[in-house]
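Notes follow the structure.
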Amino acid sequence: MIDLIKTIEDNILAAVTQISSELNADVDYNSLYPILEFPRDKNHGDIATSVAMKLARVFRKSPHQIAQLLCDRIRNHAIINSITDAIEIAGAGFINFSFSQSAVTSILQKIILKKSDYGITNQRTGEKIILEFVSANPTGPLNAVNARAAAVGDVLANILQKASAQVHREFYINDVGNQVDLLGRSVKARYEQALNIEVEFPEDGYHGEYITDMAKDLVLKYGSSLLEKDPSFFAEHAITHNVTRQKTDLEKYNVRFDTWFSEKTIHNQNLLDCAFKQLQAGGYIYEKEGKQWFASTRFGDDNDRVMIRDNGIPTYFMADTAYHQNKFDRSFNHLIDIWGPDHHGYIPRMSGVLQALGHPADSFTVLIVQQVNLLKDGQPYKMSKRAGRFILMEDVIEEVGTDAARFFFVMRTSDSQLDFDLDLAKKHTADNPCFYVQYAHARIHSIYTKYEEQGYSLKDTDFSSADLAVLSAPEELDIIKKLGQYPQILASCAQTLDVHHLPYYLYELSSLFHNYYNLGKERSELRIVSDNEAATRARLALVTGLKIIIGEGLSLLGVSAPESM
RNA sequence: GCGCCCGUAGCUCAGUUGGAUAGAGCAACGGACUUCUAAUCCGUAGGUCACUGGUUCGAAUCCAGUCGGGCGUGCCA
């Protein structure tokens with residue numbers, strides 16, 4: 001539908017330009033956008049513009065008069081007349097356009113021809129984006145918020161790629177610092193305990209069951225031969241073990257990273273020093289109380305931040321600064337980070353330090369993924385069988401499966417808290433939105449089967465040449481119009497970085513389809529597969545369009561599109 | 001105290017850079033269906049968009065303030 005909209009938009013703009021020069025008015029074109037919008041109410045046409053109202057002041061005429069002037073000009077164009085049935089002025093000065101039937105069916109034709117390419121836009125052409133997400137500490141298994149971040153990040157990456165951006169998925173491993181030391185001491189303590197040696201467990205150490213299991217495993221393999229090793233040995237072992245497990249969990253969840261970037265890389269390559277010197281040269285560093293501070297308040301942060309402690313050890317923030325600089329060094333021009341709710345206070349300093357390093361403010365974007373409240377039997381589900389303190393990602397997947405988990409995690413605005421109803425996600429009924437959408441896809445396959453049972457072969461059916469003029473029921477045209485919105489939905493997701501519009505759209509589309517399908521039960525003339533060969537072929541073309549968009553949409557969500565359920 | 005997120009139907013949530021009479025799903029209520037095209041279908045009702053003021057042709061949306069909820073506020077990562 002994007003080309004239909006473009007045509008109308010261009011014509012409106014041309015008319016506005018003409019009128020403004022005649023009236024000698026100075027129009028701020030930016031203030032007119034969006035030129036066109038989808039009306040909520042069907043009586044207001046398929047697409048509408050409110051420019052007449054926006055121009056009232058500059059043109060010194062009533063919105064209604066302006067709408068009339070615009071209409072007079074727009075109606076003169078042959079293209080406009082071929083794609084619209086009606087252009088009406090309504091309400092306070094809206095101009096409502098209704099598409100002609102042939103314009104609508106041409107959308108379907110295009111979808112069938114372009115298939116999964118239909119959603120491609122040039123929204124973010126030329127951007128080289130590095131999307132960093134999950135980046136969980138290598139001190140244990142992934143939890144439910146990590147699972148949400150993984151789903152959101154992966155889907156966002158898919159959508160950005162459809163908008164023509166180059167996207168690199170990265171997982172940052174924080175394998176340096178105090179927590180690593182603490183992890184090592186925790187594992188060593190468990191190892192000694194497993195050998196019946198009485199030792200004190202470190203204060204604030206890692207209590208998870210997985211630590212004990214790991215220690216027992218070490219005893220099985222190496223007996224007591226590791227007693228002489230120091231904690232760093234145990235830490236390294238634990239990190240390798242944990243990261244491997246995280247990787248496996250994420251693969252089962254259909255999330256694959258292009259790189260697993262170790263923090264050690266930053267330290268080994270002397271990148272901290274480079275970044276620090278550059279900040280110093282820019283005059284952003286000062287010394288106080290024996291520490292080196294970054295003047296973060298110059299970029300709107302609450303406090304200045306320590307980069308190098310008085311003992312000479314750089315802070316985490318210093319390392320993270322070097323890491324983010326390194327992303328730019330790897331020639332990415334847009335950094336997107338997905339962080340958990342506990343890190344939002346960190347945004348001003350990160351954004352500030354990157355600006356201090358000479359990067360434009362809009363080249364770094366942080367998305368905050370808020371916490372997840374898992375519900376079971378209507379009650380909060382907080383304790384994990386394995387981890388005790390929190391729910392693991394693998395618990396969620398085991399409970400509801402990868403498909404439902406991913407669908408539910410991206411279904412809501414990611415920067416607000418999510419109530420995740422585990423019981424609902426498991427249901428195989430229409431109440432479950434994930435099932436509902438997948439079922440629409442499966443149902444289309446059963447229609448194909450039905451068609452072949454009638455003695456036809458799908459292989460011989462060329463949908464692109466079907467006579468689509470048969471599709472005249474309002475329900476059929478509504479479905480096609482909805483299909484035509486798909487590229488806009490993706491473009492809007494890619495622009496706002498809000499992915500939840502996609503599952504919503506797929507749900508609404510499926511709903512139109514299920515309702516249409518059900519009509520055939522009451523009104524046999526609307527059955528998709530019938531004796532009427534021409535109608536059957538046209539309707540198969542319609543469901544094929546649906547199958548393409550639903551299948552493609554689900555694939556962007558990383559959710560399977562089953563042929564039967 | 002300060003910062004971020006949030007407050008829309010009984011519940012969970014949408015609401016397209018400000019647009020027309022604020023929408024879905026669930027639950028509730030009322031019907032249909034005794035069988036089919038696979039996991040019922042159709043309909044009804046339900047609202048002070050937390051509150052107050054402001055901006056304008058127009059505000060759930062933007063601004064200021066108030067109230068309420070969640071999270072954060074390390075030289076941890």
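- Each of P341(A) and Y507(A) lies near RNA chain B, and the nucleotide nearest Y507(A) is the one positioned closer to the 5' end.
- For RNA chain B, the residues of residues 494-504 of chain A within the heavy-atom distance limit of 4.0 Å (strictly under) are H500(A), H501(A), Y504(A), sorted by number.
- Of the candidate nucleotides C75(B), A38(B), A20(B), A20(B) has the atom nearest to the side chain of N96(A).
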Any protein N or O atoms within reach of nucleotides 4-9 of chain B? Criterion: under 3.5 Å, listing atom names and distances.
unit_1	atom_1	unit_2	atom_2	d
C5(B)	O2'	D415(A)	O	2.7

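- Candidate nucleotides C75(B), A77(B), A38(B) were compared by shortest atom distance to the side chain of W293(A), and C75(B) ranks first.
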What does the list of N/O pairs under 3.5 Å between the protein and nucleotides 41-46 of chain B look like, with a distance for each?
unit_1	atom_1	unit_2	atom_2	d
C42(B)	OP1	N515(A)	OD1	3.2

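- OP1 and OP2 of A38(B) both lie 4.0 Å or more from every side-chain N or O belonging to R443(A).
- The side-chain contact (heavy atoms from CB on, under 4.5 Å) search around P562(A) returns Q438(A), S560(A), M565(A), not counting sequence neighbours.
- Nearest to the side chain of K54(A), among U37(B), G19(B), U17(B), sits G19(B).
- A donor-acceptor distance shorter than 3.5 angstrom exists from the side chain of Y505(A) to the backbone of K482(A), with no hydrogens or angles considered.
- Closest to the Y346(A) side chain, of the nucleotides A20(B), A77(B), U37(B), is A77(B).
- At whole-Å resolution of the value, CG in D419(A) and P in A14(B) are 11 Å apart.
- Counting only residues at least two apart or on different chains, the salt bridge (Lys or Arg N to Asp or Glu O under 4.0 Å) pairs with a member in residues 173-184 of chain A are D181(A)-R185(A).
- S186(A) places a side-chain N or O within donor-acceptor distance of the main-chain N or O of Y206(A), the cut-off being under 3.5 Å.
- Of the possible donor and acceptor atoms, one in the side chain of T449(A) sits under 3.5 Å from a partner among the backbone N and O of H445(A).
- At least one donor-acceptor pair closer than 3.5 Å links the side chain of D304(A) to the backbone N or O of S296(A).
- The same atom, P, is picked in G7(B) and in C13(B); the two are 10 Å apart, to the nearest Å.
- A20(B) has F94(A) stacked on its base ring, the centres lying under 5.5 angstrom apart and the planes within 30 degrees of parallel.
- Residue Q371(A) is classed as a sugar-phosphate contact, given heavy-atom separations below 4.0 Å to backbone atoms only.
- Heavy-atom contacts from other residues, nucleotides or ligands closer than 6.0 Å to CG of D531(A) number 12 or fewer.
- Phosphate contact (OP1/OP2 of U21(B), side-chain N/O of R40(A), threshold under 4.0 Å): absent.
- Side-chain to base pairing of Y33(A) with U17(B): no donor and acceptor N or O lie closer than 3.5 Å to each other.
- Between the T49(A) side chain and the I35(A) main chain, a donor and an acceptor come within less than 3.5 Å of each other.
- The side chain of R412(A) approaches U12(B) more closely than any other nucleotide in the set U12(B), A77(B), C71(B).
- In terms of position along RNA chain B, the nucleotide closest to K450(A) lies nearer the 5' end than the nucleotide closest to the other residue of the pair K450(A) and D175(A).
- With both ends at atom P, the span from U16(B) to A24(B) equals 16 Å, rounded to whole Å.
- Ring pair F317(A)/Y346(A) is perpendicular by interplanar angle, where above 60° counts as perpendicular and below 30° as parallel.
- G15(B) and C6(B): their C1' atoms are spaced 16 Å apart (whole Å).
- Donor-acceptor pairing under 3.5 Å is lacking for the side chains of Q417(A) and D419(A).
- Taking atom C1' in both G10(B) and U21(B), the straight-line distance is 24 Å, to the nearest Å.
- In this structure, a donor-acceptor pair under 3.5 Å is present between the side chains of Y448(A) and T544(A).
- Rounded to whole Å, the separation between the C1' atoms of U56(B) and G18(B) comes to 10 Å.
- Note that the CG atom of L183(A) and the CG atom of N137(A) stand 10.0 Å from one another [nearest 0.5 Å].
- A straight line from CE of M350(A) to C1' of G3(B) spans 19 Å, rounded to a whole angstrom.
- Residue contacts shown for A48(A) include a base, since a base heavy atom lies under 4.0 Å away.
- With values rounded to the nearest 0.5 angstrom, T315(A) atom OG1 is found 11.5 Å from F294(A) atom CZ.
- A salt bridge is absent between K327(A) and E170(A); no separation between the charged side-chain nitrogens and carboxylate oxygens falls under 4.0 Å.
- G68(B) and C26(B) have their P atoms separated by 36 Å, with the value rounded to a whole Å.
- Ring geometry, W339(A) versus H324(A): the interplanar angle exceeds 60°, so the pair is classed perpendicular (tilted spans 30 to 60°).
- Comparing U21(B), A38(B), A77(B) by their nearest atom to the side chain of H343(A) picks out A77(B).
- Rounded to the nearest Å, the gap between the P atom of G65(B) and that of U8(B) is 22 Å.
- Salt bridge status for D478(A) with K42(A): present, with a side-chain N to carboxylate O gap under 4.0 Å.
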If pairs are Watson-Crick or G-U with both distances under 3.5 Å, what is the dot-bracket string of RNA chain B, marking crossing pairs with [ ] and pairs to another strand with |?
-> (((((((..((((.....[...)))).(((((.......))))).....(((((..]....))))))))))))....
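- Across the protein-nucleic acid pair, L375(A) atom CG and U12(B) atom P stand 9 Å apart, rounded to whole Å.
- The P atoms of A50(B) and A22(B) are separated by 15 Å, rounded to the nearest whole Å.
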